Trainee: 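Below you will find the structure I want to go over with you.
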Amino acid sequence: MSRIAALLVATLLALAASDAVAGGIFCRDPATLSAWKQSLNGGQRRRLDNPRDIHHAVLVAYEGNLASAAQGKLQSKRQLGIWWTLCQMVEGSLGDDRLHMAADYLREGAEENDRQGNTLLAIHAAMGWGLSQSHLQAFELLDAVRSQARIITFTTFDEFKAQASLEGLPEAEQQSAYAYNETLAELLAQRLPHHWQEFARRRSAEEVNIRLTVHTCPATVEVLSTNDTADAGKLTTVLQRVVELVPQVGVPCRDGRGLPLVLPQDLSLWRPEKDPFAQ
């Protein structure tokens, strides 16, 4: 489980949000939500209208939070900010207006010591989603979040500096590299299952384990190992597309020894649920 998945598990599992994101309900443009419902076929409409189906509960929750947020309820704004940011991470489906709104909602609805909200705001800062792009701002948010962590174990800044051999570099470069690496790990964990069919060898495959390295300046990825569930060549192509999405502004090209910077990543991915509302 990725770090963001761990942080969001209580909220998202309560509404089966991983399945909801796969179904695209939370990712639908609120302005066209009604038209989308009308466009569904009979079977899809019956499923969405069935009070015993989890997607019905998810839709009710989504529409309820949209209405409450429009009335200024901060908790609903925070919830929408969480859902929309996760949609962006999974699908890249939000336009600029909703990216700005998601970032604003996360800030407006932030609770005291808000690990979920601040972690997602760090992703917004690192990616430049609705905020000015800044790995240093992302680092500050992540550092505040992790200093308060009690249950979830994170790679600390000092551990990362040692692993990546960053000692001796300017502090700002070390912090940027840390925020970049953490953002990349989260984006890979959330985005890759969305492209499962592009690299999975068998439709019935359930899990893919990947060990890879990312080189900076320019960003390139190398798959060191994976199980036989994935086609390594096709997987590398998908990985490279995702890696190129993360800005490298301020990230060093070389480590503290003067060697090209190499960042290791280990991922475990599970086959996503089929989208029952795909059109």
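In this text the structure is predicted, and so the values were computed from the model without any measurement.
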Trainee: CZ/Arg98 to CG/Leu80 distance, rounded to the nearest 0.5 angstrom?
Mentor: 9.5 Å
Trainee: Using the rule given for side chain to side chain contact (heavy atoms under 4.5 Å, CB included), can you reason through Val208 versus Trp270, listing the C-alpha separation, both sets of side-chain angles and the distance that settles it, and then say yes or no?
Mentor: CA-CA 6 Å; Val208 170; Trp270 287 267; over 6 Å; no
Trainee: Of all the heavy-atom pairs spanning Gly250 and Ser176, show the shortest one and how long it is.
Mentor: O-CB, 3.4 Å
Trainee: Quick check: closest heavy atoms across Thr213 and Val262, and the distance to 0.1 Å?
Mentor: CB-CG1, 3.7 Å
Trainee: Give, for atom CG of Leu131 and atom CD1 of Ile123, the distance between the pair rounded to the nearest 0.5 Å.
Mentor: 11.5 Å
Trainee: Considering non-hydrogen atoms only, spot the tightest contact between Ala232 and Arg201 and give its length.
Mentor: N-NH2, 4.4 Å
Trainee: Rounded to the nearest 0.5 Å, what's the gap from OG1 on Thr119 to CG on Asp114? Could you check?
Mentor: 8.5 Å
Trainee: For a quick check under 3.5 Å, do Gln116 and Arg78 share a side-chain donor-acceptor pair by atom type?
Mentor: yes
Trainee: With the threshold set at 4.0 Å, does a side-chain nitrogen-carboxylate oxygen contact exist between Glu63 and Lys37?
Mentor: yes
Trainee: In Å, rounded to the nearest 0.5 Å, how long is the span from OG of Ser93 to CG of Leu99?
Mentor: 9.0 Å
Trainee: Taking C-beta and beyond as the side chain, do Gln88 and Thr85 meet within less than 4.5 Å on heavy atoms?
Mentor: no
Trainee: Group every Ile, Leu, Val, Met, Phe, Trp and Tyr by side-chain heavy-atom contacts under 4.5 Å, then state whether Val249 and Tyr178 land in the same group.
Mentor: no
Trainee: Does Cys87 reach the side chain of Leu94, with side-chain heavy atoms less than 4.5 Å apart?
Mentor: yes
Trainee: Are any side-chain N or O atoms of Gln190 and backbone N or O atoms of Val90, one a donor and one an acceptor, separated by less than 3.5 Å?
Mentor: no
Trainee: Using every non-hydrogen atom in the two residues, find where Leu188 and Pro193 come nearest and quote the distance to one decimal.
Mentor: O-CD, 4.2 Å
Trainee: Salt bridge check: are Arg211 and Glu222 linked by an N-O gap of less than 4.0 Å?
Mentor: no
Trainee: Side-chain contact test, heavy atoms from C-beta onward, threshold under 4.5 Å: evaluate it for Glu206 versus Thr229 and give yes or no.
Mentor: no
Trainee: Do side-chain atoms of Thr226 reach the backbone of Asn209 as a donor and acceptor pair under 3.5 angstrom?
Mentor: yes
Trainee: Would you say Val221 ends up clustered with Leu224 if hydrophobic residues are merged whenever their side chains have heavy atoms under 4.5 Å apart, either directly or through other cluster members?
Mentor: no
Trainee: What I want to find out is whether Arg46 reaches Asp49 closely enough, with some N-O distance under 4.0 Å, to be called a salt bridge.
Mentor: no
Trainee: Check whether Trp196 forms a cation-pi arrangement with Arg271 (NZ or CZ under 6.0 Å from the six-membered ring centre, at most 45° off the ring normal).
Mentor: no
Trainee: Without swapping roles, check the side chain of His124 against the backbone of Trp129 for a donor-acceptor pair under 3.5 Å.
Mentor: yes
Trainee: Just wondering, more than 12 heavy atoms not from Asp104 lying within 6.0 Å of its CG?
Mentor: yes
Trainee: Classify the side-chain pair Glu244/Gln240 by whether it contains a donor and acceptor separated by less than 3.5 Å.
Mentor: yes
Trainee: Give a yes or no on whether Leu142 and Leu136 share a hydrophobic cluster (residues Ile, Leu, Val, Met, Phe, Trp, Tyr; joining criterion: side-chain heavy atoms under 4.5 Å apart).
Mentor: no
Trainee: Evaluate the criterion side-chain hydrogen bond (donor to acceptor under 3.5 Å, both in side chains) for residue pair Gln265 and Asn181; output intermediate values, then yes/no.
Mentor: CA-CA 9 Å; Gln265 296 275 356; Asn181 189 66; 3.0 Å; yes
Trainee: Between the main-chain N or O of Arg28 and the side-chain N or O of Tyr62, is there a donor-acceptor pair closer than 3.5 Å?
Mentor: yes
Trainee: Are Glu108 and Lys77 close enough for a salt bridge, meaning some N to O gap below 4.0 Å?
Mentor: yes
Trainee: Measure the spacing between CD of Gln79 and CH2 of Trp83 and express it to the nearest 0.5 Å.
Mentor: 4.0 Å
Trainee: Quick check: is Leu66 connected to Ile25 through a chain of hydrophobic side chains (ILVMFWY, heavy atoms under 4.5 Å apart)?
Mentor: yes
Trainee: Does this structure show an ion pair linking Glu182 with Arg146, if we count only N-O contacts that are shorter than 4.0 Å?
Mentor: yes
Trainee: Starting at CG of Leu121, measure out to OH of Tyr105 and round the result to the nearest 0.5 Å.
Mentor: 14.5 Å
Trainee: Under 3.5 Å, is there a donor-acceptor pair between the side chain of Gln174 and the main chain of Leu169?
Mentor: yes
Trainee: Given side chain to side chain contact (heavy atoms under 4.5 Å, CB included), test Val246 with Leu187 step by step and report yes or no.
Mentor: CA-CA 9 Å; Val246 185; Leu187 195 63; 3.8 Å; yes
Trainee: For the pair Phe277 and His55, evaluate ring pair (Phe, Tyr, Trp, His ring centres under 6.0 Å) and give the outcome as yes or no after the intermediate values.
Mentor: CA-CA 10 Å; Phe277 304 108; His55 293 87; 5.3 Å; yes
Trainee: For the side chain of Thr32 and the backbone of Ala35, is there at least one donor-acceptor N/O pair under 3.5 Å apart?
Mentor: no
Trainee: Side chain of Glu207, backbone of Leu269: donor and acceptor closer than 3.5 Å?
Mentor: no
Trainee: So do the side chains of Arg52 and Arg47 get within less than 4.5 Å of each other, counting heavy atoms only?
Mentor: no
Trainee: Between Gln248 and Ala219, which heavy-atom pair has the shortest distance, and what is it?
Mentor: OE1-N, 3.5 Å
Trainee: Please report the C-alpha distance between Val58 and Ile54 in whole Å, then the side-chain angles of each, then the deciding distance to 0.1 Å, and finally whether the side chain to side chain contact (heavy atoms under 4.5 Å, CB included) criterion is met.
Mentor: CA-CA 6 Å; Val58 167; Ile54 186 60; 4.3 Å; yes
Trainee: Under a 3.5 Å threshold, yes or no: a donor from one side chain and an acceptor from the other, between Asn65 and Ser76?
Mentor: yes
Trainee: In the structure I gave you, are the side-chain heavy atoms of Arg45 and Leu40 within less than 4.5 Å of one another anywhere?
Mentor: yes
Trainee: Would you please test Val214 and Tyr180 for side chain to side chain contact (heavy atoms under 4.5 Å, CB included) and show each step?
Mentor: CA-CA 11 Å; Val214 176; Tyr180 169 83; 3.8 Å; yes
Trainee: With a 4.5 Å limit on heavy-atom distance, are the side chains of Leu59 and Leu48 in contact?
Mentor: yes
Trainee: Would a distance-only check, ignoring hydrogens and angles, find a side-chain to backbone donor-acceptor pair under 3.5 Å from Glu159 to Thr156?
Mentor: yes
Trainee: Looking at every heavy atom in both Asn118 and Leu141, which two are closest together, and how far apart are they?
Mentor: O-CB, 3.8 Å
Trainee: So do His195 and Val238 actually touch side chain to side chain, heavy atoms under 4.5 Å?
Mentor: yes
Trainee: Please determine which of Leu235, Val242, Thr237 meets the side chain to side chain contact (heavy atoms under 4.5 Å, CB included) test together with Leu239.
Mentor: Leu235
Trainee: Can you confirm whether Glu186 sits close enough to Met89 that some side-chain heavy atom of one is under 4.5 Å from a side-chain heavy atom of the other?
Mentor: yes
